**Q** 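Got a structure for you, questions after.
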Amino acid sequence: MDFDVIVIGAGPGGYVTAIRASQLGFKTAIVERELLGGVCLNWGCIPTKALLKSGEVYETLGHLADYGLKVEKPSFDFAAVVQRSRKVSAQLNSGVGFLMKKHKIEVIEGQAKLEKGQGAPKVVVALKAGGSRTVQAKHVILATGARARTIPAIGLEPDGERVWTYREAMVPKAAPKSLIVIGSGAIGIEFASFYRALGSEVTVVEALPRILPVEDEEVSKAAHKAFEKRGLQFRVGASVKKLTKSKSGVSIELEAGGKAETLQADVAIVAVGIVGNVEDLGLEALGVKVEKTHVVTDAHGGTGVPGLYAIGDIAGPPWLAHKASHEGVHCIEHIAGLKPSNLSSPIPGCTYSNPQIASVGLTEAQAKEQKIEVKVGRFPFRVNGKAIASGETEGFVKTVFDARTGALIGAHMIGAEVTEMIQGFTLAITLEATEAELHATVFPHPTMSEAMHEAALDAYGQVLHI
């Protein structure tokens, strides 16, 4: 064997798995066909946050008078905004390269394909530099991630000019004057928020009855209202029948409630989900089970093929970078014979729009569907001292407790910096905290996190500041 472990894919699932494998004493290699850091660092999580920060700062310039400040004729350089985002990605890509060297992980640049081997499958790499290289390991871990879903039959396929996915939406030459975003999940809403902040006319189309459909219904309704206040327009319960391109823009035919409507804009962004990168890996010949573009795995990432594992987006939802990293660490620790990290730990979800949205655990509706009697608490930021001082009074915190045991089973937030606050509730659920522990926890004052405490108190009729 050339290695103990070969990881295919160097996104946040793959490179973290490789690092942990090296820490555990495994001789490790990682195969990557594009850039270290994968979609997350280069085309997703990180560069979008850089764009969103620029949009947030620019939007704030329009409200400086609220803070007793003035600025003359604010403007932006769109090329510089994009360039800053790309610099952030380049810095992190370089950082992953440093980590690979630090942990003595061999990086093999090229496209991997699996073939039957002695034990685990052989990895045949079509090298970027030309030629091929075949390597073998005791354990092979697939972390090839996923890509944007497209629907060519109705015109939802990127061309780089009039129809974009997240990739094209991050590096255009100019901000479009008008934009239609198809899909209101986190990706769609984040791009809608960014482009609206820079002045684009944005309409979001969602096939389901409400935006951000995976979020708690109260949060979804509050987000809809907040986004409309910022000038975003929505079509919910609307299915796209056809997208037609022209030299001047796009035309999208919709159907909602039995009525037809046609929307026009300069550009459309397709954000209707993702599909796993399972093609051209040789999975079918090995007998790997693939369902709906995702590899079927057991509780530890095993595929049923000896020595072959899969983690992250290729192994199914939720399609989140931190879930991929967590799964990867669990998988390699299982291989090492350790008691691995708990895969049932709650996974928080975040949308970095303005306002931000964050959640963990069950929604109120999900808990009731599971026949759990709940106690629900809420606390608005409009009466939180730090929020008032910061001029960030929009939104609220909502907590969901199991009424029988007192366990915190869900938390949902909308407002400024809630993506930084959600980890407090994530830790609480992981540690199986009840209302007693949360009520007894001292929250610093003045902070927006005090709303978390008050929401926990409110669920039990003990709220203090409202």
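Residue numbers count from 1 along this sequence. Here the structure is a predicted model, which is why all the values come from computation and not from measurement. Computed from heavy atoms alone, side chains included, the values below leave out hydrogens, waters and symmetry copies.
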**Q** Rounded to the nearest 0.5 Å, how far does CG of Leu142 lie from CD1 of Ile311?
**A**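 The distance works out to 9.0 Å.
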**Q** Can you tell me if Arg149 has over 12 outside heavy atoms packed within less than 6.0 Å of its CZ?
**A**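 Counting neighbours around CZ of Arg149, 12 or fewer heavy atoms of other residues, nucleotides or ligands fall under 6.0 Å, so no.
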**Q** Going by atom type alone, with no hydrogens or angles, which donor-acceptor pairs under 3.5 Å involve a side-chain atom of residues 74-85 and a protein atom two or more places apart or on another chain?
**A**
unit_1, atom_1, unit_2, atom_2, d
Asp77, OD1, Ala79, N, 3.2
Asp77, OD1, Ala80, N, 3.2
Arg84, NH1, Ala50, O, 3.2
Ser85, OG, Pro47, O, 3.0

**Q** List the steps, then state whether side chain to side chain donor-acceptor pair (under 3.5 Å) holds for Ser246 with Ser248.
**A** CA-CA 5 Å; Ser246 68; Ser248 61; 3.2 Å; yes
**Q** Answer yes or no: is there an ion pair linking Arg196 with Glu201, defined by an N-O contact shorter than 4.0 Å?
**A**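 So Arg196 pairs with Glu201 through a salt bridge.
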**Q** Between the main-chain N or O of Gly44 and the side-chain N or O of Thr48, is there a donor-acceptor pair closer than 3.5 Å?
**A**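 The answer is yes, because a donor-acceptor pair under 3.5 Å joins these two groups.
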**Q** Mind checking what makes side-chain contact (heavy atoms from CB on, under 4.5 Å) contact with Arg33, not counting sequence neighbours?
**A**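 Arg33: side-chain contact (heavy atoms from CB on, under 4.5 Å) contacts with Gln111, Asn277.
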**Q** Quick one: side chains of residues 219-228, donor-acceptor pairs under 3.5 Å with protein atoms, not counting sequence neighbours, listed by atom name and distance.
**A**
unit_1, atom_1, unit_2, atom_2, d
Ser220, OG, Arg210, NH1, 3.4
Ser220, OG, Ile211, O, 2.5
His224, NE2, Glu228, OE2, 3.2

**Q** Counting heavy atoms not belonging to Ile187, are there more than 12 under 6.0 Å from its CD1?
**A**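 Open: at most 12 neighbouring heavy atoms sit under 6.0 Å from CD1 of Ile187.
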**Q** Do Ile182 and Leu243 pass the side-chain contact (heavy atoms from CB on, under 4.5 Å) test, and can you show the C-alpha distance, the side-chain angles, and the key distance before you say yes or no?
**A** CA-CA 11 Å; Ile182 304 168; Leu243 182 150; 4.3 Å; yes
**Q** I'd like to check the side-chain contact (heavy atoms from CB on, under 4.5 Å) partners of Ile347; sequence neighbours left out, ordered by chain and number.
**A**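 Testing Ile347 for side-chain contact (heavy atoms from CB on, under 4.5 Å), a comparison that skips the adjacent residues, returns Pro318, Leu320, His322, Lys323.
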**Q** Can you list every salt bridge (Lys or Arg N to Asp or Glu O under 4.0 Å) pair that touches residues 247-272, not counting sequence neighbours?
**A**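 For residues 247-272: Arg235-Glu261.
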**Q** Give a yes or no on whether a salt bridge exists between Lys229 and Glu394, defined as a side-chain N under 4.0 angstrom from a carboxylate O.
**A**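 Here Lys229 pairs with Glu394 in a salt bridge, since their nearest N and O are under 4.0 Å apart.
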**Q** Tell me every residue that passes side-chain hydrogen bond (donor to acceptor under 3.5 Å, both in side chains) with Arg20, counting only those two or more places apart in sequence or in another chain.
**A**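 So Arg20 forms a side-chain hydrogen bond (donor to acceptor under 3.5 Å, both in side chains) with Gln23, Glu333.
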**Q** Quick check: are there more than 12 heavy atoms from other residues, nucleotides or ligands sitting under 6.0 Å from NZ of Lys128?
**A**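 Enclosed.
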**Q** Suppose the criterion is salt bridge (Lys or Arg N to Asp or Glu O under 4.0 Å): which pairs have a residue in residues 44-55, not counting sequence neighbours?
**A**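 Listed by first then second residue: Lys49-Glu190, Lys53-Glu56.
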**Q** Surrounding CD of Glu161 (heavy atoms of other residues, nucleotides or ligands, distance under 6.0 Å), is the total greater than 12?
**A**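 For Glu161, atom CD is not crowded (no more than 12 foreign heavy atoms under 6.0 Å).
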**Q** Assess whether atom NE2 of His439 is packed by more than 12 heavy atoms of other residues, nucleotides or ligands within 6.0 Å.
**A**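 Counting neighbours around NE2 of His439, more than 12 heavy atoms of other residues, nucleotides or ligands fall under 6.0 Å, so yes.
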**Q** To the nearest 0.5 Å, what is the distance between SG on Cys350 and CD on Glu420?
**A**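 The CD atom of Glu420 is 8.5 Å from SG of Cys350, to the nearest 0.5 Å.
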**Q** Any side-chain donor-acceptor pair under 3.5 Å between Gln91 and Ser94?
**A**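 Side-chain D/A pair, Gln91 to Ser94: absent.
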**Q** For Thr203, check side-chain hydrogen bond (donor to acceptor under 3.5 Å, both in side chains) against everything at least two apart and list the hits.
**A**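 So Thr203 forms no side-chain hydrogen bond (donor to acceptor under 3.5 Å, both in side chains) with any residue.
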**Q** Residues in side-chain contact (heavy atoms from CB on, under 4.5 Å) with Glu279, at least two apart?
**A**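 Partners of Glu279 by the side-chain contact (heavy atoms from CB on, under 4.5 Å) criterion, ordered by chain and then number, come out as Arg147.
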**Q** Run the side-chain hydrogen bond (donor to acceptor under 3.5 Å, both in side chains) test against Asp216 and tell me which residues pass, sequence neighbours left out.
**A**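 Partners of Asp216 by the side-chain hydrogen bond (donor to acceptor under 3.5 Å, both in side chains) criterion, ordered by chain and then number, come out as Lys398.
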**Q** Indicate the ring-plane relationship of Tyr195 and Trp164, choosing parallel, tilted or perpendicular according to the 30° and 60° boundaries.
**A**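 Geometry flag for Trp164 against Tyr195: tilted rings.
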**Q** With sequence neighbours left out, which residue pairs that include part of residues 443-464 fulfil the salt bridge (Lys or Arg N to Asp or Glu O under 4.0 Å) condition?
**A**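 Non-adjacent pairs meeting salt bridge (Lys or Arg N to Asp or Glu O under 4.0 Å): zero.
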**Q** Could you list the residues that satisfy side-chain contact (heavy atoms from CB on, under 4.5 Å) with Pro158, not counting sequence neighbours?
**A**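 side-chain contact (heavy atoms from CB on, under 4.5 Å) check on Pro158 returns Thr150, Thr165, Glu168.
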